[in-house]
Visitor: 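Below is one structure. I have some questions about it.
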2 protein chains.
Amino acid sequence: MTSRPRRRSKRDQAEGSGPRAPYITRRIGTLNVLSEEGLETIETNADLILSQTGMEFVDEPEVLEIFRAAPGCEVTGTRVRFAPGYCRETIRATAPGRYHQQARNPANSVQIGGDATVLCPSWGPPFVQDLDRGRRYASYEDFVTLVKLHQTIPWLHHSGGVVCEPVDLPANKRHLDMLYAHFRWSDRAVMGAFIGAERAGHAIDMARIVFGADYVAQNPVLYCVSNTNAPLVMDAHMSGALKTYARAGQPVACTPWVLTGAMSPCTVAGTLAQVLAETMAAMTLVQLINPGAPCLMGSFASTMSMQTGAPTFGTPEAGQMVLAAGQLARRLGVPLHTVGTLSASKLPDAQSQQEATWGLMMAMFAGANVINHATGWLEGGLVTGFEKTMLDADICGKLARFFDGIDLSENAQAMEAIASTGPGQHFLGSAHTQANFLTALFRPETPDNSSFEQWQEAGGLDAAARANALWKAHLERYEDPGLDPAIDEELQAYIAVRKAEVPDANYF
Amino acid sequence: MTSRPRRRSKRDQAEGSGPRAPYITRRIGTLNVLSEEGLETIETNADLILSQTGMEFVDEPEVLEIFRAAPGCEVTGTRVRFAPGYCRETIRATAPGRYHQQARNPANSVQIGGDATVLCPSWGPPFVQDLDRGRRYASYEDFVTLVKLHQTIPWLHHSGGVVCEPVDLPANKRHLDMLYAHFRWSDRAVMGAFIGAERAGHAIDMARIVFGADYVAQNPVLYCVSNTNAPLVMDAHMSGALKTYARAGQPVACTPWVLTGAMSPCTVAGTLAQVLAETMAAMTLVQLINPGAPCLMGSFASTMSMQTGAPTFGTPEAGQMVLAAGQLARRLGVPLHTVGTLSASKLPDAQSQQEATWGLMMAMFAGANVINHATGWLEGGLVTGFEKTMLDADICGKLARFFDGIDLSENAQAMEAIASTGPGQHFLGSAHTQANFLTALFRPETPDNSSFEQWQEAGGLDAAARANALWKAHLERYEDPGLDPAIDEELQAYIAVRKAEVPDANYF
């Protein structure tokens, strides 16, 4: 494992903001939306769904065998029903509430669970967008550029996974190139391939090259998101990856992805019960495969337009659902994985930031432990936007600072400053202000706070145009974290072997 | 008083959203940022500031006389010092925790305090801005247009006060025209003139014409914001209006306006103590003038760039301060007045909505009871934006829906829908979805959720451009609430007399 100490960038130093925190430690509590009685209603309903309707696990006979051998499960064909309370008890008995995912730079390892929140970049979009070249299919070049850009953002804690789909590479092999790019150009924690057992196995093989096989056997080093096919189905792509990571002791975020009204009832209470049922069934599978393996309750519950069927984001109901999910996860004793700055907007415009700010704030107030899509997501997940990434990064930074809580030190109380300044005077020149001005207030990068005249003279740019210059400036100051040449060579050799085994294909 | 029942607009009916709520009733709790110990620290420090440094009340000998006659106050020149605990005890003894401000249409009367939140439009800007005509000095025509526009927004609960400064009218008389416009073109609750005892008196006279003198003597019908001149000064403009409204039993929001680092220390804890000291001194004055008169703790604490001195908004520290202010107000037993969708942006762009969404969400999570500037504010308060008004209105609506809480009715639990839909099927055509789709999910007006291709075909407009069409559509469906011609005539006659008394002047 490479373990060179992390260098603080020149920018960090200039900002006087102290060393970068590897994750957010929340010193402010959570916001609760459901009463004890309300929570019990949702839990009872989830149990009813699991015991009466049950869940389909398709195309994976081994998974059905695992359930068949468990005392609380009844398997009929591909349908698995769970005795009321069985999933909850199984999860609570062995699923850990807190663990660490190691990064190849130990300074960037992240805590998952407890008061920690880990922010991850955009995940999954087949398109990228920027103001210069517009919207276009994403390439591997875009993928590498995004990995580098994310590495320059102090408020992102994770290098993520499919930061965009490099559609210029064969669909059945690009997972190898993507994971290589994360290991090569970032030194933060990474996600592993999430589609199918075979690709998950490749990711674990590559992690063993980077971290050493013994280390991987003992430590979480890959993070996997496993989605259900709501309602109440898990396919072999997902259960295959899930079982591979679970066996290897690597964390699996068991994440129903629902649009209320289409993939779940069009009501918050109905959706919550279904989400809880699905995530509990998947977490139960993790615990049956490998008791004690790290997993997360996942919730990606958004809404849709009931008029057009289009997915919608930043909505009141999505906010209520993520806050309720936080409460439900805490009662299960597992970390919560959810989503952040989602938007249906096509542009890094006002809509994109109203929806993004709403979504990330709600996820943070929910006490979420891992937040995917904390930057960049546009068009309902079809696009990773370069400008949006920078705008969203400011929300991430502001929330990190907010959750530091209020400093109540004697210096922060500033009683001497108030007494010596006195009524009607200003604090600009006071000794207290002079001593604190470098670190006193958080400084986001995208806002323009100047006067109208100054702003006009500087070109009268809107926030998106400023963000365009900003991501380029970030890329210019990107610092290659380096990778041990022996490891690099071994990774490339491994990838070459895997690629040679099968012909290219443009399906998964 | 006119009291015709409110007509629901065609739009309301089309949306199937039920009757408009006159204010938000919060069914979700508050977010706390300070521990009991932290709160006591701030309170102790506020007491120290009030007892040791004290506060200046300038150019109003009568106010000093009132303080001189009170047992816990020591007056030296224009400086008033308060015995530790005196302000808190005075406020807690007589200030009401909850009351109602009446609107001329009783259906629009608002509750101030408790679980109620009242959202008010932009307040104070000398400029207006829209995409057609750009940024320009505001006129009385703009003022009237904004009053009408606000009346069409179901999520605003109050017609407000200086929705923009009509700078084409004489500065010393325009308060008459502004209040007339509110009474004539809106039937919601209004704010009274806030600068000086004389103008406050004019507002009360006009309210007596609209509501009847006996009614005004018994009921709050005007709302006044009284700002301190931080640090620790209140001038005669503000204390004059304060005492006039307090005597008339009309609510006064005692609101220190600080930019941390300039008008208060550059730290959150220091600013909070100073804000609490200032607002307590002003609320104490209200209670000494008229024990039991309605007042609010006000907090308008934002930040500034420590590099340039420019005011900044939507910042982590502003969020912390408003949440802490909510806790402090609840301990004092008075409602909290604060601010909403503030932004330093020059345009209705991404910055404007990142800052606006942050600010209004924080104010709502603080449990604020009255939120000023809930729509339209741009450029640090220099501009009321027409497009921004529509974008912000969506945040207001989303928060109103969010704070309705989660419906846990049997219908909302949707257990039958989940059981009958079953794994792998969709809910789009289910009987439950059909029965609920009109009201199930909130529908904001400004987002575009269509596909990229649909959006492109529709012109590829950003959110600001869509908001431009939207405010015009709102104005087209504005319905004149009507005003009794006798009252109208009497108001106009009163204004003519007042205007004839003194020559026009372009200063206050």
Visitor: Do you know which of A:Phe127, A:Phe437, A:Phe427 has the most heavy-atom pairs under 4.5 Å to chain B?
Guide: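 Between A:Phe127, A:Phe437, A:Phe427, the count favours A:Phe427.
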Visitor: Relative to chain B, which segment of A:Gln307 carries a heavy atom at a distance below 4.5 Å: side chain, backbone, both, or neither?
Guide: side chain
Visitor: As an exercise, state the distance from CG of A:Asn449 to CD of B:Glu379, rounded to the nearest 0.5 Å.
Guide: 11.5 Å
Visitor: Taking every non-hydrogen pair under 4.5 Å, which of A:Lys398, A:Glu37, A:Met306 racks up the most with chain B?
Guide: A:Lys398
Visitor: Distance from A:Leu259 atom CG to B:His426 atom NE2, nearest 0.5 Å?
Guide: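 With rounding to 0.5 Å, CG (A:Leu259) is 13.0 Å from NE2 (B:His426).
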Visitor: Please classify the contact of B:Asp407 with chain A as side chain, backbone, both or neither, using a heavy-atom distance under 4.5 Å.
Guide: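 Interface part for B:Asp407: backbone (N, CA, C, O).
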Visitor: Distance check, rounded to the nearest 0.5 Å: A:Leu347 atom CG versus A:Ser352 atom OG?
Guide: 8.0 Å
Visitor: Measure A:Gln320 against the heavy atoms of chain B and call it side chain, backbone, both or neither at under 4.5 Å.
Guide: both
Visitor: Go through the atoms of A:Asp462 and report whether side chain, backbone, both or neither lie under 4.5 Å from a heavy atom of chain B.
Guide: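 Backbone plus side chain of A:Asp462, per the 4.5 Å heavy-atom cut-off to chain B.
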Visitor: Based on non-hydrogen pairs under 4.5 Å, which of A:Thr315, A:Leu399, A:Asn32 is most in contact with chain B?
Guide: A:Leu399
Visitor: Under 3.5 Å, is there a donor-acceptor pair between the side chain of A:Thr421 and the main chain of A:Ile418?
Guide: no
Visitor: Starting at OG of B:Ser451, measure out to CG of A:Leu382 and round the result to the nearest 0.5 Å.
Guide: 9.5 Å
Visitor: Quick one: do the B:Asp392 and A:Gln354 side chains pair a donor with an acceptor below 3.5 Å?
Guide: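 The answer is no; no qualifying pair exists.
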Visitor: Given a strict heavy-atom distance threshold of 4.5 Å, which part of A:Arg466 is in contact with chain B: side chain, backbone, both, or neither?
Guide: side chain
Visitor: Using heavy-atom distances under 4.5 Å, tell me whether B:Thr308 contacts chain A through its side chain, its backbone, both, or neither.
Guide: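 Neither part.
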Visitor: Side chain, backbone, both or neither: which part of B:Met321 has a heavy atom under 4.5 Å from chain A?
Guide: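 Neither; nothing under 4.5 Å.
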Visitor: Is B:Leu360 close to chain A through its backbone or its side chain, or both, or neither, when contacts mean heavy atoms under 4.5 Å?
Guide: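 Neither the backbone nor the side chain of B:Leu360 comes within 4.5 Å of chain A.
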Visitor: What residue, out of B:Ala400, B:Ala269, B:Ala417, has the most heavy-atom pairs lying under 4.5 Å from chain A?
Guide: B:Ala269
Visitor: Which of the residues B:Arg79, B:Arg135, B:Gln274, B:Met362 is involved in the greatest number of heavy-atom pairs with chain A at under 4.5 angstrom?
Guide: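 Winner by heavy-atom pair count: B:Arg135.
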Visitor: Please answer whether the main-chain N or O of B:Leu461 pairs with a side-chain N or O of B:Trp455 as donor and acceptor at a distance below 3.5 Å.
Guide: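 At least one qualifying donor-acceptor pair exists.
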Visitor: Does any N or O in the side chain of B:Ser302 come within less than 3.5 Å of the main-chain N or O of B:Thr312, such that one atom is a donor and the other an acceptor?
Guide: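 The answer is yes, because a donor-acceptor pair under 3.5 Å joins these two groups.
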Visitor: Counting heavy-atom pairs under 4.5 Å to chain B, which of A:Ala414, A:Ala310, A:Ala412, A:Ala440 comes out on top?
Guide: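 When all of A:Ala414, A:Ala310, A:Ala412, A:Ala440 are compared, A:Ala412 has the most.
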Visitor: Looking at B:Val233, B:Thr53, B:Ile28, B:Ile406, which one has more heavy-atom pairs under 4.5 Å with chain A than the rest?
Guide: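 The answer is B:Ile406.
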Visitor: Select one option (side chain, backbone, both, neither) describing which atoms of B:Pro265 are under 4.5 Å from chain A's heavy atoms.
Guide: both
Visitor: Would you say A:Thr78's side chain and A:Val58's backbone share a donor-acceptor pair under 3.5 angstrom?
Guide: no
Visitor: Are more than 12 heavy atoms, taken from residues, nucleotides or ligands other than A:Glu453, located less than 6.0 Å from that residue's CD atom?
Guide: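 Above 12, so yes.
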Visitor: Select one option (side chain, backbone, both, neither) describing which atoms of A:Thr260 are under 4.5 Å from chain B's heavy atoms.
Guide: both
Visitor: Under 4.5 Å from any heavy atom of chain A, what part of B:Ala419 do you find: side chain, backbone, both or neither?
Guide: both
Visitor: Would you find a donor on one side and an acceptor on the other, under 3.5 Å apart, between the side chain of B:Gln351 and the backbone of A:Gln353?
Guide: no
Visitor: Might you work through the side chain to side chain contact (heavy atoms under 4.5 Å, CB included) test for B:Ser345 and B:Lys388, ending with a clear yes or no?
Guide: CA-CA 10 Å; B:Ser345 183; B:Lys388 173 126 184 316; over 6 Å; no
Visitor: At a heavy-atom distance under 4.5 Å, which candidate from A:Leu31, A:Val268, A:Leu232 has the highest pair count against chain B?
Guide: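 Of A:Leu31, A:Val268, A:Leu232, A:Leu31 has the most heavy-atom pairs under 4.5 Å with chain B.
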Visitor: Checking B:Ile395 against chain A: side chain, backbone, both or neither under 4.5 Å from a heavy atom?
Guide: both
Visitor: Heavy atoms only, distances under 4.5 angstrom: which of B:Ala344, B:Gly460, B:Cys266 has the most pairs with chain A? Name it, please.
Guide: B:Cys266
Visitor: Would B:Arg401 pass as a cation-pi partner of B:Phe442, given that its NZ or CZ must be under 6.0 Å from the six-membered ring centre and within 45 degrees of the axis?
Guide: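 No, B:Arg401 does not lie over the aromatic ring of B:Phe442.
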Visitor: Please work out whether the ring planes of A:Phe365 and A:Phe403 are parallel, tilted or perpendicular, with thresholds of 30° and 60°.
Guide: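 Rings of A:Phe365 and A:Phe403: tilted, 30 to 60°.
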Visitor: How long is the straight-line distance from CG of B:Leu408 back to OG1 of A:Thr41, given to the nearest 0.5 Å?
Guide: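 Answer rounded to 0.5 Å: 6.0 Å.
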Visitor: Judged by atom type as modelled, is there a donor-acceptor pair below 3.5 Å linking the side chain of B:Lys346 to the main-chain atoms of A:Gln456?
Guide: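 Side chain of B:Lys346 to backbone of A:Gln456, a donor-acceptor pair under 3.5 Å: no, none is there.
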Visitor: Is it the side chain or the backbone of B:Met415 that comes within 4.5 Å of chain A heavy atoms, both, or neither?
Guide: side chain
Visitor: State the CD-CG distance between A:Glu355 and A:Leu378, to the nearest 0.5 angstrom.
Guide: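 It comes to 9.5 Å.
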Visitor: Kindly say whether A:Ala350 contributes a backbone atom to a donor-acceptor pair with the side chain of B:Asp349 at under 3.5 angstrom?
Guide: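 Judged by distance alone, no pair lies under 3.5 Å.
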Visitor: Relative to chain B, which segment of A:Ser409 carries a heavy atom at a distance below 4.5 Å: side chain, backbone, both, or neither?
Guide: neither
Visitor: Is chain B contacted by the side chain of A:Ala324, its backbone, both, or neither, given a heavy-atom distance below 4.5 Å?
Guide: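 When you check distances to chain B, only side chain atoms of A:Ala324 fall under 4.5 Å.
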Visitor: I'd like to know which of B:Met361, B:Met263, B:Glu56 tops the heavy-atom pair count under 4.5 Å against chain A.
Guide: B:Met361
Visitor: By a 4.5 Å heavy-atom criterion (distance strictly below it), what part of B:Glu278 contacts chain A: side chain, backbone, both, or neither?
Guide: neither
Visitor: Could you look at A:Leu34 and say if it's the side chain, the backbone, both or neither that has a heavy atom under 4.5 Å from chain B?
Guide: side chain
Visitor: Between B:Ser430 and chain A, which part of the residue has a heavy atom less than 4.5 Å away: side chain, backbone, both or neither?
Guide: neither
Visitor: Which region of A:Leu272, side chain (C-beta onward) or backbone (N, CA, C, O), has a non-hydrogen atom less than 4.5 Å from a non-hydrogen atom of chain B, or is it both or neither?
Guide: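 Interface part for A:Leu272: side chain.
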Visitor: Does any heavy atom of chain A fall under 4.5 Å from the side chain of B:Asn45, the backbone, both, or neither of them?
Guide: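 Looking at B:Asn45, backbone and side chain both touch chain A.
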Visitor: Specify which of B:Leu48, B:Asn229, B:Asp448, B:Asn436 makes the most heavy-atom pairs with chain A at under 4.5 Å.
Guide: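 Going by pairs under 4.5 Å, I would pick B:Asp448.
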Visitor: Between B:His432 (side chain) and B:Asn411 (backbone), is there a donor-acceptor pair under 3.5 Å?
Guide: yes
Visitor: Please classify the contact of A:Pro447 with chain B as side chain, backbone, both or neither, using a heavy-atom distance under 4.5 Å.
Guide: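 For A:Pro447, backbone and side chain are both near chain B.
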Visitor: At a heavy-atom distance under 4.5 Å, which candidate from A:Asp404, A:Thr357, A:Val383 has the highest pair count against chain B?
Guide: A:Thr357
